[in-house]
Amino acid sequence: MSDDIRRNMALFPIGIVMKLTDLTARQIRYYEQNGLIQPARTEGKQRLFSFNDVDRLLEIKALIEKGLNIAGIKQVLQLQQPAPEKTEITATSEAKRKEMSEKELHQLLKQQILFNNAARHGENALIRGELSRFFH
DNA sequence: TTTCTAACA
DNA sequence: TGTTAGTA
């Protein structure tokens, strides 16, 4: 599946990514500093983002808007990245995406629950809406 | 013109 | 995070 190399191909500079994600260059660079993304670099030190990087930034943006801080996002992202779970290659790419989303949601939920228990409640009202999806 | 790093009224 | 400075 060379679809992966296409998604991971470093293509666009930060200017394009800014428009694609509605994030400021400052934010994008800041998220990189915190290890949320790792865009490639040109010989001139300029960042080159791939489709995956942009996707990741969009997820980060969504989480930020839900009120999470960098630390929280790091944890959420860590639950979906280092999870090479063996998945059947029979499903269509679309069906696979749904499965992944569902799985990510479970992980996110679990993470958020632990998060809320450990920390003091208040700003972490994440999943409130997402919870309904498990009460079908 | 665009991007980069570092730093702060 | 915004924003500015001085580069490459």
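Here is the naming used below: chain letters follow the sequence lines, and residue numbers restart at 1 for every chain.
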Report summary line: Atom CG of A:Leu48 and atom P of B:dT3 are separated, to the nearest Å, by 11 Å

Query raised in the report: How long is the line joining NZ of A:Lys45 and C1' of B:dT2, in whole Å?
Result: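 After rounding, the gap between these two atoms is 18 Å.
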
Do [X] and [Y] come close enough that some side-chain heavy atom pair is under 4.5 Å?
X       : Y       : result
A:Phe49 : A:Leu20 : no
A:Phe12 : A:Leu48 : no
A:Arg41 : A:Arg47 : yes

**Report entry** Contiguous pairing runs of three or more, Watson-Crick or G-U under 3.5 Å, that involve DNA chain C
**Finding:**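 If one scans DNA chain C for consecutive Watson-Crick or G-U pairs, the stems found are B:4-8 with C:2-6.
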
Report summary line: Numerically ordered, the residues 16-41 of chain A set in heavy-atom contact under 4.0 Å with DNA chain B is A:Arg26, A:Arg29, A:Arg41

Query - Under 3.5 Å: donor-acceptor pair, side chain of A:Asn34, backbone of A:Leu36 - result: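 Pair absent, no side-chain N/O of A:Asn34 close to backbone of A:Leu36.
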
Query raised in the report: Are the side chain of A:Thr24 and the backbone N or O of A:Gln27 linked by a donor-acceptor pair below 3.5 Å?
Result: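 Confirmed, A:Thr24 side chain pairs with A:Gln27 backbone.
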
**Report entry** Closest-nucleotide ordering on DNA chain C, the 5'-leading residue of A:Ile70 and A:Gln46
**Finding:**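 Its nucleotide being nearer the 5' end, the pick is A:Ile70.
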
Query raised in the report: What nucleic acid atoms does A:Gly44 come within less than 4.0 Å of, heavy atoms only: base, sugar-phosphate, or nothing?
Result: nothing

Requested in this report: Select base, sugar-phosphate, or nothing to describe what A:Ile64 touches, counting heavy atoms under 4.0 Å on all strands.
Outcome: sugar-phosphate

**Report entry** A:Arg56 bridged to A:Asp53 by N-O distance under 4.0 Å
**Finding:** no

Query raised in the report: Which distance, rounded to the nearest 0.5 Å, do you find between the CD1 of A:Ile28 and the CG of A:Leu57?
Result: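 One finds 6.0 Å between CD1 of A:Ile28 and CG of A:Leu57.
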
Requested in this report: Measure the CD-CG distance between A:Glu65 and A:Leu63 for me, rounded to the nearest 0.5 Å.
Outcome: 9.5 Å

Query raised in the report: Is any side-chain N or O of A:Arg47 closer than 4.0 Å to OP1 or OP2 of B:dT3?
Result: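 Answer is no, no contact under 4.0 Å.
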
